[in-house]
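Excluded from the calculations below are hydrogen atoms, water molecules and symmetry mates; all remaining heavy atoms, backbone and side chain alike, are included. Residue numbers start from 1 in every chain, and the chains themselves are labelled A, B, ... in the order their sequence lines are given, proteins ahead of strands.
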Amino acid sequence: MGQALLAVVRRDLRIAFRRLPDLASPLMFFAIVITLFPLAISPEPTVLREIGPGVLWVAALLATLLALNTLFRSDFDDGSLEQLALSTHPLPLLVFGKILAHWLISGVPLVVLSPLLALSYDLSLNTLQVLALALLIGTPTLSLLGSVGAALTAGVRQAGGLLALLVLPLMLPVLVFGARATTLAATGQDPAGPLYLLAALAVLAVTLGPFATAAAVRVSLE
Amino acid sequence: MQNTTHQDGFDCDGLTLWRGDRCLFSELSFQIGAGAAALIRGPNGSGKTSLLRVVCGLSPPEEGAVHWMGKGIQQQRQAYAKALAYNGHTDGLNAELTPLENLAFFCALRGSEPASSVANLSGLGLDACAGLPVRALSAGQRRRAGLARVLAADARLWVLDEPFTNLDGEGRHYLTAQLLTHLGNGGMAVIASHQDLDVPAEQLLTITLGGAN
Amino acid sequence: MTEFLEMGGYAKYVWSAFGLTLVVLVANIVVARQQFRSVRTRLAQRWANQQESSDL
Amino acid sequence: MWTWFHKLGSPPHLYRLAGRLAPWLLWIAIVLIAIGTYGGLVLAPPDYQQGDGFRIIYVHAPSAWMSMSIYAVMATASAIGLIWRMKLAFAVAAASAPVGASFTFLALVTGAIWGQPMWGTWWVWDARLTSELILLFVYFGYMGLRAAFTEVQKADRTSAVLAIVGVVNLPIIHYSVVWWNTLHQASTVTKLDNPSISMNMLWPLLVMIIGFNLFYIAILATRVRSEVLGRERNARWVSEALSDLSPENGITA
């Protein structure tokens, strides 16, 4: 059982590293969106400190959304998704492998990159740590929820806008708790409450998500 | 076509499928036992591919059921998956990986030996391009790599969609030989194709689609 | 009567809310019937065409 | 009991039943809504705090209630469709979505109108209004996904999965919005809570809610007939149903 999961993760990581530009574009997008706001609002450190956490989390959400397109589309087009569905191993497990690989190539770089970019928002070291921790807990949920939308729109051409409309409402709780945790840290308060809520969302997403995504894959393959 | 479910074989019972406005086939029933192959013929767009996808359990029919060893395939998804090897129009190979990597992945999924996949690759004359990413392969080579997966899966039931397209004479010969040995060992096959299968008549069941509506 | 219409100073809020409700309810009825009628006529024509082509 | 449920599953039966029920349901709904409106606008005393402004609740609360219950109907119908393969359940879900979206929009705007005198602005990030707004996006997402597929069967099953995923997530989204709203309670003192409701204020509200529900079912009946015709267009009974080409209206109102 675990073998199959590892096989899927290894395969997806190998494919991802063969197409580095696809890997890098969500991260570049994340960085660019973050640099827009000081230009749009103001370079004042006090202002940036206040909007920093929110901007970083919205940018993280949009970057994850961008990265979702590569999750099922190529496998749907070249027929490997059919082979996964016809495999002897349960589809939710294989789909979980794909989502895990997707998180490793899109979520984890966000966790690593965000504190560096957050420096430009003059946030304290403690805030950067909490931001990274909150993203570490929140991005798996984003990938799991997003994968349901990605599977449902795998067969749809130019599904970009539709995918956003389907998935962003589902991601709101993560945005609310994640941004709140970071803001609490930025204002020197204890961010434990929202972090626990984020963790609760993650547990819920990990247990239910793969089954929903597997059902979505089966339906889009019909 | 009697509708009794064949105890140790494969059968379709009263299959009906619509595609939007058109009825592709209705009340379609056939069965094959060990060593037999079903050839699905019919003009383009007559629903051959759709029928194969129903046979694999990928898409549910409007009415009717597919049985394997006398039991409905929806009730034994894992056992049926073990017995089945499917190759559709697209060969299910990722373009960035090499044929060998693709095959190794599917063998790992099936828990079968990767060594057998290497043998199949060479048998299908793919040694030269085993190291190239699939996107650099010709359509014929891609088709051979897809068939290599079917051969490596050592499944009892082959479901192949136009396996001979893009294959040259030598490839066709090799595939037919493999098919005959597969049937010889009690295997079964459901194949959609425009070409004839030179399989002995008593082992061949031909089903023509497209005349129905 | 005018006192009633004033709604204690909230006239424009209360009447705009009830007015919009009326619009949405009527719109639902009209759209539902329109859709039903257009599906019927479309299918009736299609059925008529089929009859014609099979009588040839 | 099961024969009733099974008979509902046969398209011609449902088509005729819906045809007969729709006019009656609609008339009863219109009468109830008229009574509720009269009760709400005339008979009910003004609220001691909000004066006559509170009367907007008689349209805001029922439509907010409908927006959520219709989505629940869609999710249940989708589950029935996926589990028991009842095509008509998908027809109910497909028919309900636009009606649900219209009630969500109505709840959103009447909520904003109701809040305006209190807050002085046309939009405030109140927990319930924000949840209604998100629900409207969810409805548009459902209808958008359904429109992305030309083939009815594909659209049905894909949107069914979305509806079920949605109904699981909606409570979580709502409570995270409420949680978020309480954080910023300090800045906006207002909250869209129901004023204390006395009996002669309450009965018009209940009448309105029942009226809205019957209205929804009446509209659903006609819309399901269209969906059923569309899905069964090749069945023999459809040609018979169409043979009387007289414009037999779904709704005689």
Side-chain angles (χ1 to χ4, degrees), chain A residues 54 138 141 144-181 183-184 187 189 193-194 196-198 200-201 204-205 207-222, chain D residues 71 75 78-79 81-83 85 90 101 104 125 127 130-184 186-187:
Chain A
T141 312
L144 282 156
L145 291 174
S147 67
V148 179
L152 287 174
T153 56
V156 175
R157 287 291 149 258
Q158 303 99 17
L162 180 63
L163 182 60
L165 186 61
L166 297 187
V167 157
L168 283 178
L170 304 180
M171 292 179 169
L172 285 182
V174 173
L175 177 68
V176 164
F177 297 139
R180 182 62 188 164
T183 311
L184 282 177
T187 52
Q189 299 165 49
Y196 284 124
L197 290 168
L198 264 183
L201 284 181
L204 193 66
T207 44
L208 295 180
F211 296 97
T213 309
V217 164
R218 283 208 190 283
V219 162
S220 65
L221 281 175
E222 271 169 16
Chain D
Y71 196 87
S78 300
L82 285 178
I83 296 167
R85 285 211 184 296
F90 293 131
T104 313
W125 291 93
T130 314
S131 300
E132 245 359 282
L133 180 63
I134 296 164
L135 183 57
L136 189 60
F137 289 135
V138 171
Y139 270 108
F140 286 150
Y142 177 88
M143 291 191 282
L145 182 65
R146 180 171 277 279
F149 296 98
T150 49
E151 233 206 84
V152 178
Q153 298 95 337
K154 195 70 179 291
D156 281 349
R157 296 176 65 81
T158 314
S159 54
V161 171
L162 178 69
I164 294 166
V165 167
V167 85
V168 169
N169 277 286
L170 275 178
I172 301 169
I173 294 172
H174 177 66
Y175 285 111
S176 60
V177 168
V178 168
W179 182 87
W180 160 82
N181 189 271
T182 52
L183 298 183
H184 304 282
S187 60

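L165(A) approaches F137(D) most closely through the heavy-atom pair CD1-O, 4.0 Å. Listed here is the closest heavy atom pair of I173(D) and P169(A): CD1-O, 3.1 Å.
How far CG of L162(D) is from OG1 of T153(A): 10.0 Å, rounded to the nearest 0.5 Å. With rounding to the nearest 0.5 Å, the separation of CG in L166(A) from CG in L145(D) is 5.5 Å. Expressed to the nearest 0.5 Å, how far CG of L183(D) lies from CG of L184(A) amounts to 8.0 Å.
Around atom CZ of F149(D), more than 12 heavy atoms belonging to other residues, nucleotides or ligands sit under 6.0 Å away.
Contact annotation for L201(A): only side-chain heavy atoms (C-beta onward) come within less than 4.5 Å of a heavy atom of chain D. Only the side chain of L197(A) comes within contact range of chain D, with at least one heavy atom under 4.5 Å from a heavy atom of that chain. At a 4.5 Å heavy-atom cutoff, the contact between L152(A) and chain D is made by backbone and side-chain atoms alike. Heavy-atom distances place no part of L163(A) under 4.5 Å from chain D, backbone and side chain included.
Most heavy-atom pairs under 4.5 Å with chain D: of the set G155(A), A212(A), A179(A), S220(A), this distinction falls to S220(A). Contact tally against chain D (heavy-atom pairs below 4.5 Å) for V156(A), L162(A), L208(A): the top residue is L162(A).
Residues W179(D) and P173(A) fail the side-chain proximity criterion, which asks for heavy atoms closer than 4.5 Å. Under the 4.5 Å side-chain criterion, counting only non-hydrogen atoms from C-beta, I172(D) is in contact with L204(A).
For the side-chain hydrogen bond (donor to acceptor under 3.5 Å, both in side chains) with E222(A), the qualifying choice from R157(D), K154(D), Q153(D) is R157(D), the only one to do so.
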